[in-house]
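Below, chains carry the letters A, B, ... as their sequence lines are ordered, and counting in each starts from 1. FYI, side chains are in, hydrogens and waters are out, and symmetry mates aren't considered; it's all heavy atoms of this structure.
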Amino acid sequence: MKRVSRFIFASMSRKVRVRFAPSPTGGLHLGGVRTVLYNYLFAKKYKGDFIVRIEDTDQSRYVPGAEEYIFDTLKWCGMIPDESVQHGGDFGPYRQSERKERYKQFALQLVNDGYAYYAFDTPEELEKMRQDLKTEHNPTPQYDHHIRMKMRNSLTLSSDETHKLLSDGERFVIRIKVPENDQLSFTDMIRGEVKFDTSTVDDKVLLKADGMPTYHLAVVVDDHQMQISHSFRGEEWLPSAPVHILLWKYLFGLENMPQWAHLPLILGPNGKLSKRDGAKYGFPVFAMNWTDPKTGETTEGFKEKGFLPEAFLNYLALLGWNDGSEQEIFSMEDLIERFSMERVHSAGAKFDYEKAKWFNHEWIKKSSNSFLLPQVKTLLETNGITIVDDTLLEKIIGLIKDRCTLLPDFVPQSSFFFQTPATIDADAIRPKWNEDKKKFFVAYSEKILNSEWNAVTLENMFKELATEKNIKPGELQLPFRIMLVGGKFGPPVFQIAEVLGKDETVKRIDGALKIF
RNA sequence: GGCCCGUUCGUCUAAGGGCUAGGACACCACCCUUUCACGGUGGUGAUACGGGUUCGAAUCCCGUACGGGCUACCA
């Protein structure tokens, strides 16, 4: 493992302020949630601010409901922003579409300083350029220093022509003028020094024809104005880092640039984890259910699948990070205490649904019955089981939680406590069933009618009677279970009887005896 | 194609030059349990390859291979 950031913390003099900057274009997937988590942990660890900024500069990709969804997800995860569209703060607005004018002003400043230029090329002209220059060795020609002087922009046009086009209202963009032979580098908190040769960097658009900034301009301006100290984002942003370095240099000074960490990607079973393939993988990719407002199609989320947020985040935290010990179960408090960016792995990690489920199982087992109660209760009620006695349900939860990996498992594991089993797995008993056993149960159900009602007594009476009748108690337990539960599963059978109560137990024995 | 990032059991990972390469998930076996689980014990299983440097390399350097990302007026 490469560890690089010792000196970064030494130089961490300013207040820690980090931001999660999602684009509201759909559901929040695994990778996004982990990015939030690392931001959140880092902020809380250093008593800093966690900011959520909505990056909605692409109006064509605006999806209604997506912004709300993001905040709902954060709430479910228990990661509450200190500043955001919903939480206020001194550095707003926190929606980039509402900061439009600021970006333009900086773009114009760059033009004036000679670091950027107006470009009037139409989409058709750009397409033509790409087609004309395309070769086997260069399948995707870039708008860069090689060709900028052959295009229609303020570098090739005279000052008068440029002004005329501008005053005529001709559509234009502003592009950064990337220098030709510059070596750029920065120290990534996870990867160490990363170098770039500016000759391979293209003249990215900074301000679009609709007046909106692109990500490149907006992120730099906002990170500066919001006084962001550390900037964490996915590895897919690494190639555009040189553009951002240049902008920091031109606009606000390299010394004010946040420390960067480019997080490794989370991969699916066959490489890149894609939002669309959620159903195909057989496991969710979104944190919560997401319904596409256009198609009406719903993609299942971890929440609805039955994950506890604690477990979901615990697993995500470990996907690319560990504290060096062999501990795997971490609460949010633990994570805040132990987290460090320098121990984040640099390689991508494949998402393992089996392990995710294991974490959930662990969290269910370690959660108190009362903590689980409201969630299980809701689940049962949506499945048509009315809960009248919370104390009883709590007891039942304690009996069955070892057997539940996902929250919905509580339904089949507990429904027989509330309803007479709809089906009885009689086939499991019939082969070994006989008249003696039947007589045993007739006698047993009579005997327990007058008995003290607890698991221990029930079990003792069961064994005594079996011995009396010369039958091995073990051979009778499975039939008894089937009578009460309907199948071969569930907690110890006498505990089930205890919870069921005298009347119901006797009733189920009688009912089953008619079928066998 | 170019640029950037990466590479330890199937998967997530530990090991900051000195090891029988450790743990977890999954899998298998056994124990516990006359249900299903939990739990316990054990097992299968990895340093991509080739060169250096060194007494000694998973670890440092170079190359190769492979994987991933980026290459939009998307983020």
Whole-Å gap separating P (B:U34) and CD1 (A:Ile482)
16 Å
Of the candidates B:G1, B:C74, B:G69, the side chain of A:Asp58 sits closest to B:C74
Protein-nucleotide distance (A:Ile329, atom CD1; B:C12, atom C1'), rounded to Å:
13 Å
On RNA chain B, compare the nucleotides closest to A:Trp237 and A:Glu459; which residue's is nearer the 5' end?
A:Glu459
Carboxylate-amine/guanidinium contact A:Glu362 A:Lys366, below 4.0 Å:
no
For B:A24, the nucleotide meeting Watson-Crick or G-U wobble distances (both under 3.5 Å) is B:U11
Output the single nucleotide from B:C25, B:G69, B:A72 whose closest atom is nearest the side chain of A:Glu354.
B:C25
Salt bridge check, A:Arg53 against A:Asp223: does any charged N sit closer than 4.0 Å to a carboxylate O?
yes
Atom NZ of A:Lys128: over 12 foreign heavy atoms under 6.0 Å:
no
May I ask you to verify if any side-chain N or O of A:Lys208 is less than 4.0 angstrom from the OP1 or OP2 atom of B:A75?
yes
For B:C73, take OP1 and OP2 only and decide whether either is under 4.0 Å from a side-chain N or O of A:Arg175.
yes
Pairing residues for A:Phe371 by the ring pair (Phe, Tyr, Trp, His ring centres under 6.0 Å) criterion, not counting sequence neighbours
none
Would one find a side-chain N or O of A:Asn322 under 4.0 angstrom from OP1 or OP2 of B:A14?
yes
Look at the side chain of A:Arg61 and decide which nucleotide, out of B:A75, B:C12, B:A14, has an atom nearest to it.
B:A75
Checking all strands, does A:Lys357 fall into the base, sugar-phosphate, or nothing category for heavy-atom contacts under 4.0 angstrom?
nothing
In this structure, how many angstroms lie between the P atom of B:C4 and the CG atom of A:Asp202, rounded?
14 Å
